[in-house]
Amino acid sequence: MAKILVTGSADGIGRQTALMLADAGHQVFLHARNDVRAEAALAAVPAAEAVLVGDLASLEQTRVLAKSAADHGPFETVVHNAGIADSGSRRRTLTEDGLERVFQVNVLAPYLLTALMPLPHRLVYLTSGMASGGTIDLTDLQRERRPWDGTGAYCDSKLADIALAFAVARRQPEVCSNAVCPGWVRSRMGGPSAPTDLRTGAATQVWLAGSDEPAARVTGRYFRHMRLLEPPEPTLSVSLQEGLLTACAELTGMAMH
C-alpha cells in the first residue's frame, strides 16, 4: 500500500479522498491550515497516520509544510487538493506576502510544495471545469491590472493548475503527473445544489493516487469522473508552461526541479 499526502483534507473533497484512500488500506497523511482544523480532520479520518499543518496563504508556512512532509515521507503520491474560491469578493485580497490570495493558495502553493518536496511517483492536481473560462496572462497572473473579478481569478488559477500538472509531467517523465476536474460537487465550496456527490467527486483522485491499473499510471493527462478529457488548449503550450514556472519561481524564490 502507498504512503499518500492529501492537501486540504480537513473537509470536502479532500477529506473524502483521504477517507477512501485510508479505507483502501493506504497510509494517508492529512493536511489542514491550522491546529483547530487539524483536530477536526483527524477526527473525521481516524485511520490517518498524521495531520500536517500549514496555511497555504503564507509562503513561510508552505515552506514549513514542505519540510514537515519531507520529514514524514517519502510519499508515493501527493494529491494537491487544497484550494479556495473568492467569487463573492469585490476587491483583490492580499496575503501576508503581498500576493493575491486565490493565486497564492491555488497555484503558488502547489508549485512551491512540488519544488521543495522530494518528487513522489505520482502527483494529482485538482482543477475545475471552470478552468475553461480562465486565462493564463503571464503579464498579469495576479489580476493587478485587469479589472478584479473573483470568479475570473478562480478560473485563471484552475487553468494554471492544469498547466502546472502538464509542465511537471513534461519535465519529470518518471513521475505520473495529472490534473483532475472533480465535477460540481456538493461540498462547502460547491454548495448543496451541486449534482455530484462527494464519493464521485473523489473517485478519480483515489484511483490515480493508488491504483496499479495501467490506465491510472499515465502522465500529462486531464481527467473527469474516471474519463480522459481534452485539456484547454492554452495548457498544452510549452512556452506558456515555462512562463508560468518562471513566474512562480520568481515569486517564491524557488525554482522547479
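Nothing fancy with the numbering, it's 1 onward along the sequence.
- Exactly one residue among Thr204, Thr200, Val180, Leu208 makes a side-chain contact (heavy atoms from CB on, under 4.5 Å) with Met226. That residue is Thr204.
- Rounding to the nearest 0.5 angstrom, the gap separating the CG atom in Leu240 from the CG atom in Asp137 is 9.5 Å.
- Contact of the Glu76 side chain with the Met1 side chain is not registered, since no non-hydrogen atoms from C-beta on lie closer than 4.5 Å.
- When only modelled atom types and interatomic distance are considered, Thr114 and Tyr125 share a side-chain donor-acceptor pair under 3.5 Å.
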Checklist entry - Taking it one step at a time, do Leu229 and Phe223 satisfy side chain to side chain contact (heavy atoms under 4.5 Å, CB included)? => result CA-CA 5 Å; Leu229 291 180; Phe223 289 89; over 6 Å; no
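- In this structure the side chain of Asp161 never reaches within 4.5 angstrom of the side chain of Leu126, judged on heavy atoms.
- Looking at Asp71 and Lys67, their side chains come closer than 4.5 Å, going by heavy atoms from C-beta outward.
- Atoms CG and CG, from Leu56 and Leu65 in turn, are 6.5 Å apart once rounded to the nearest 0.5 Å.
- Here Leu52 contributes atom CG and His72 contributes atom NE2; the two are 5.5 Å apart, rounded to the nearest 0.5 Å.
- Across Phe75 and Ala69, no two heavy atoms sit closer than the pair CE1-O, 3.2 Å.
- Of the possible polar contacts, none joining the His31 side chain to the Ser9 backbone as a donor-acceptor pair under 3.5 Å is found.
- Using a 4.0 Å cut-off between a side-chain N of Lys or Arg and a carboxylate O of Asp or Glu, Arg122 and Asp212 qualify as a salt bridge.
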Checklist entry - Hey, mind stepping through Asp97 and Gln104 against side chain to side chain donor-acceptor pair (under 3.5 Å) and telling me if it holds? => result CA-CA 9 Å; Asp97 301 295; Gln104 180 164 349; 2.9 Å; yes
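- Listed here is the closest heavy atom pair of Ala115 and Ala255: CB-O, 3.8 Å.
- Scanning both residues, Thr17 and Ala202, for their nearest heavy atoms gives OG1-CB, 3.4 Å.
- A donor-acceptor pair under 3.5 Å is formed between the side chain of Thr246 and the backbone N or O of Glu242.
- For CZ of Arg170, the number of neighbouring non-hydrogen atoms (other residues, nucleotides, ligands) closer than 6.0 Å is greater than 12.
- Counting heavy atoms from C-beta on, the side chains of Met130 and Lys158 never come closer than 4.5 Å.
- At distances below 3.5 Å, not a single donor-acceptor pair connects side-chain atoms of Asn178 with backbone N or O atoms of Tyr222.
- Leu30 is not connected to Leu198 by any chain of hydrophobic side-chain contacts under 4.5 Å among Ile, Leu, Val, Met, Phe, Trp and Tyr, and they are in different clusters.
- The shortest distance between side-chain heavy atoms of Pro182 and Gln205 falls below 4.5 Å.
- Note that the CD1 atom of Ile84 and the OG atom of Ser157 stand 8.0 Å from one another [nearest 0.5 Å].
- Between Leu244 and Ala160, the closest heavy-atom pair is CD2-O, 3.5 Å.
- Annotation: Glu144, atom CD; neighbour count of heavy atoms from other residues, nucleotides and ligands within 6.0 Å is above 12.
- Note: the hydrophobic cluster containing Leu116 also contains Leu59 (ILVMFWY, side chain heavy atoms under 4.5 Å, direct or indirect links).
- Looking at Asp156, its side chain never comes within 3.5 Å of a backbone N or O of Gly134 through a donor-acceptor pair.
- Side-chain atoms of Asn81 come within 3.5 Å of backbone N or O of Gly8 as a donor-acceptor pair.
- Scanning both residues, Ile136 and Ala163, for their nearest heavy atoms gives CD1-CB, 3.9 Å.
- Looking at Leu245 and Leu164, their side chains come closer than 4.5 Å, going by heavy atoms from C-beta outward.
- Using a 4.5 Å cut-off between side-chain heavy atoms of Ile, Leu, Val, Met, Phe, Trp and Tyr, with links allowed through other members, Met117 and Val6 fall into different hydrophobic clusters.
- By the rule that hydrophobic residues join a cluster once side-chain heavy atoms approach within less than 4.5 Å of another member, Val124 and Met20 end up as members of one cluster.
- No donor-acceptor distance shorter than 3.5 angstrom exists from the side chain of Glu100 to the backbone of Gln142, with no hydrogens or angles considered.
- Asp149 contributes atom CG, which lies 13.0 Å from atom CZ of Arg92 (distance to the nearest 0.5 angstrom).
- Between the CG atom in Leu108 and the OG1 atom in Thr62 there is a gap of 9.0 Å [rounded to 0.5 Å].
- Between the side chain of Thr95 and the main chain of Arg101, no donor-acceptor pair closer than 3.5 Å is present.
- A 4.5 Å side-chain heavy-atom check between His80 and Leu123 finds at least one atom pair inside the cut-off.
- Atom CD of Glu96 has more than 12 heavy atoms from other residues, nucleotides or ligands within 6.0 Å.
- Inter-residue side-chain proximity for Val102 and Arg143 is flagged as unmet; no heavy-atom pair is nearer than 4.5 Å.
- Other residues, nucleotides and ligands contribute more than 12 heavy atoms inside 6.0 Å of the CZ atom of Arg37.
- Arg15 places no side-chain N or O within 3.5 Å of a backbone atom of Ala44 that could act as its donor or acceptor partner.
- In this structure, Thr7 contributes its side chain and Ala82 its backbone to a donor-acceptor pair below 3.5 Å.
- When all heavy atoms of Gly83 and Asn106 are compared, the pair lying nearest together is CA-OD1, 3.1 Å.
- Under the 4.5 Å side-chain heavy-atom criterion for ILVMFWY residues, no single connected hydrophobic cluster contains both Leu21 and Phe29.
- The backbone N or O of Ser177 lies less than 3.5 Å from a partner atom in the side chain of Thr219, making a donor-acceptor pair.
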